Amino acid sequence: MEYGISTKCLYGDGRRVDTDGSGAVSFPIYQTATFAHPAVGESTGYDYSRLQNPTREQLERVVASLEKGIDALAFSSGMAAITALMEIFQPGDHIITDCDLYGGSIRLFNNISKKNGILFNHVNCAQLLEGEGTDGLEALIGESTKAIFIETPTNPMMNVTDICKMAGIAKKHGLLLIVDNTFLSPYFQNPLELGADVVVHSGTKYLGGHNDTIAGFLVTSSGEISEKLRFIIKTVGSGLAPFDSWLILRGIKTLAIRMEKAEKNTRQIVEWLCEQKPIVKVYYPGIAESPGYEITKRQARGFGCMVTFEVETKELALSILRKVRLIQFAESLGGVETLITYPITQTHADVPKETLAANGVTDKVLRLSVGIEDVEDLIKELERVFYE
Ligand SMILES: *Cc1c(COP(=O)(O)O)cnc(C)c1O
């Protein structure tokens with residue numbers, strides 16, 4: 001019997017592992033670099049923590065079960081995870097990616113992966129898949145195309161791509177579909193079930209949930225990809241350390257209740273934002289008129305806790321950032337604390353200006369990661385920073 005998702009946050013797929021027979025309810029931190037062998041040719045199952053460590057393995061079991069994958073690998077950051085993933089490609093391979101992505105992913109693709117011989121097209125996937133046809137996207141696929149890399153909703157403009165439709169195109173052309181699922185977390189969305197081959201997470205965000213640890217994940221439903229990634233993680237050495245693995249394990253225990261509370265707060269905040277005159281536009285897939293609303297309802301169990309909005313002037317955007325007190329002006333998202341971000345100078349500072357402009361990321365755009373505070377306090381804070 002498969003557990004429900006809240007139960008899985010505590011126990012994963014249910015294989016409770018009592019590694020030392022003590023009955024410890026909290027999984028121990030195996031703070032060790034290496035493991036003693038009983039004899040030549042014998043192993044306890046662990047050799048060296050770069051390859052695997054019991055605490056990291058427990059975390060990987062929990063994340064694999066939450067994302068319904070056959071394997072999950074825990075990395076030292078979301079970027080380390082995506083960097084490792086790029087190692088499965090060869091020079092000359094071509095990857096189609098969304099044009100509105102986390103700025104760090106675009107920086108990696110354009111500066112490191114490109115140098116390693118991988119070619120990219122950055123396109124607006126949500127727009128290309130709108131309506132019936134898929135020709136616009138399929139026209140970009142050539143002999144050397146190997147994968148499609150998307151985020152949905154995207155960071156920061158909240159564009160929603162139909163994962164099933166994208167998976168159909170990927171299958172038809174023999175491409176891997178990679179979905180960065182950081183924004184909705186496995187609590188709200190499971191791309192592998194919708195046909196994706198690899199799911200990426202910045203574990204720093206909702207999985208960790210407390211703005212206190214950096215981590216990343218790759219989850220896959222393919223034995224072949226899992227084998228390749230296991231070889232890469234042990235070879236390049238970017239696996240998550242034992243203590244950080246434990247912090248993320250602890251964070252995940254409350255993923256379900258954090259997501260519920262933060263999403264409830266977000267709905268109320270979005271309602272408030274939509275009524276304010278100095279706000280030109282609110283980007284949130286839970287708004288019934290938003291282009292991503294119907295798709296999100298089909299493919300996810302919630303709309304998430306991220307909202308982006310455009311204000312009338314740059315001056316107002318800057319004054320909001322100067323005035324916030326309860327809400328903190330900081331990079332990152334997905335933690336219990338509400339954070340406000342200015343994508344143009346923070347998360348997306350290294351993205352070419354033309355790309356940003358084409359996506360609508362201007363100096364009037366702010367991004368809110370809604371936390372679990374009392375929503376009345378958050379709305380009072382917003383009223384103050386907008387109008388006082
Ligand atoms: C933060 C983030 C990343 C990068 O993760 P790190 O843990 O910061 O390295 C990747 N994708 C998305 C969508 C993110 O928000």
Side-chain angles (χ1 to χ4, degrees), residues 56 59 63 67 72-86 95 97-113 122 125-126 148-161 163 178-189 191 196 198-219 233 236 238-241 244-245 247-248 251-252 259 262 283 285 292 300 304-308 330-335 337 339-343 346-351 359 361 365 367-371:
R56 190 171 99 207
L59 170 62
V63 173
E67 273 297 6
L73 295 91
F75 292 87
S76 57
S77 70
M79 290 323 301
I82 302 172
T83 302
L85 180 59
M86 287 298 115
I95 302 175
T97 87
D98 217 307
C99 57
D100 187 42
L101 290 179
Y102 174 66
S105 303
I106 296 182
R107 182 173 55 213
L108 172 75
F109 297 153
N110 287 348
N111 296 283
I112 310 284
S113 311
H122 306 298
C125 292
I148 301 172
F149 185 108
I150 61 169
E151 280 174 19
T152 180
T154 60
N155 182 355
M157 297 313 285
M158 308 302 292
N159 300 327
V160 175
T161 295
I163 300 174
I178 303 158
V179 180
D180 184 332
N181 199 31
T182 300
F183 263 35
L184 284 186
S185 92
Y187 184 70
F188 284 137
Q189 181 168 272
V198 179
V199 164
V200 174
H201 277 286
S202 168
T204 314
K205 315 294 168 55
Y206 291 104
L207 293 169
H210 292 74
N211 289 319
D212 59 8
T213 320
I214 302 279
F217 294 92
L218 297 175
V219 194
I233 198 172
V236 307
S238 48
L240 191 63
D244 289 8
S245 297
L247 280 171
I248 303 289
I252 290 174
M259 294 309 286
Y283 299 90
C305 324
M306 296 298 299
V307 52
T308 296
E331 306 231 2
S332 203
L333 62 109
E337 295 93 356
L339 302 182
I340 192 162
T341 301
Y342 198 36
Q346 291 184 304
T347 50
H348 291 68
D350 287 341
V351 177
N359 294 338
V361 184
V365 167
R367 192 191 75 184
L368 210 50
S369 167
V370 180

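Both counts, for ligands and for their atoms, begin at 1 and track the order of listing. For reference, positions follow the sequence shown, starting with 1. All figures in this text were calculated on a predicted structure; none of them were measured in a lab.
- With a 4.5 Å cut-off on side-chain heavy atoms, Leu218 and Val200 count as touching.
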Quick check for students: name every N or O atom pair between ligand 1 and the protein closer than 3.5 Å, with distances.
| from | atom 1 | to | atom 2 | distance (Å) |
| --- | --- | --- | --- | --- |
| ligand 1 | 5 (O) | Ser202 | OG | 3.0 |
| ligand 1 | 7 (O) | Gly78 | N | 2.9 |
| ligand 1 | 7 (O) | Ser202 | OG | 2.8 |
| ligand 1 | 7 (O) | Thr204 | OG1 | 2.6 |
| ligand 1 | 7 (O) | Ala215 | O | 3.4 |
| ligand 1 | 9 (O) | Gly78 | N | 3.0 |
| ligand 1 | 9 (O) | Met79 | N | 2.9 |
| ligand 1 | 11 (N) | Asp180 | OD2 | 2.6 |
| ligand 1 | 15 (O) | Lys205 | NZ | 2.8 |

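- Using cut-offs of 30° and 60° on the angle between ring planes, the pair His122 and Phe109 is parallel.
- No side-chain heavy atom of Asn359 sits less than 4.5 Å from a side-chain heavy atom of His348.
- With sequence neighbours excluded, no residue satisfies ring-ring contact (aromatic ring centres under 6.0 Å, His included) with Tyr187.
- Under the 4.5 Å side-chain criterion, counting only non-hydrogen atoms from C-beta, Arg367 is not in contact with Gln346.
- Counting heavy atoms from C-beta on, the side chains of His210 and Leu247 never come closer than 4.5 Å.
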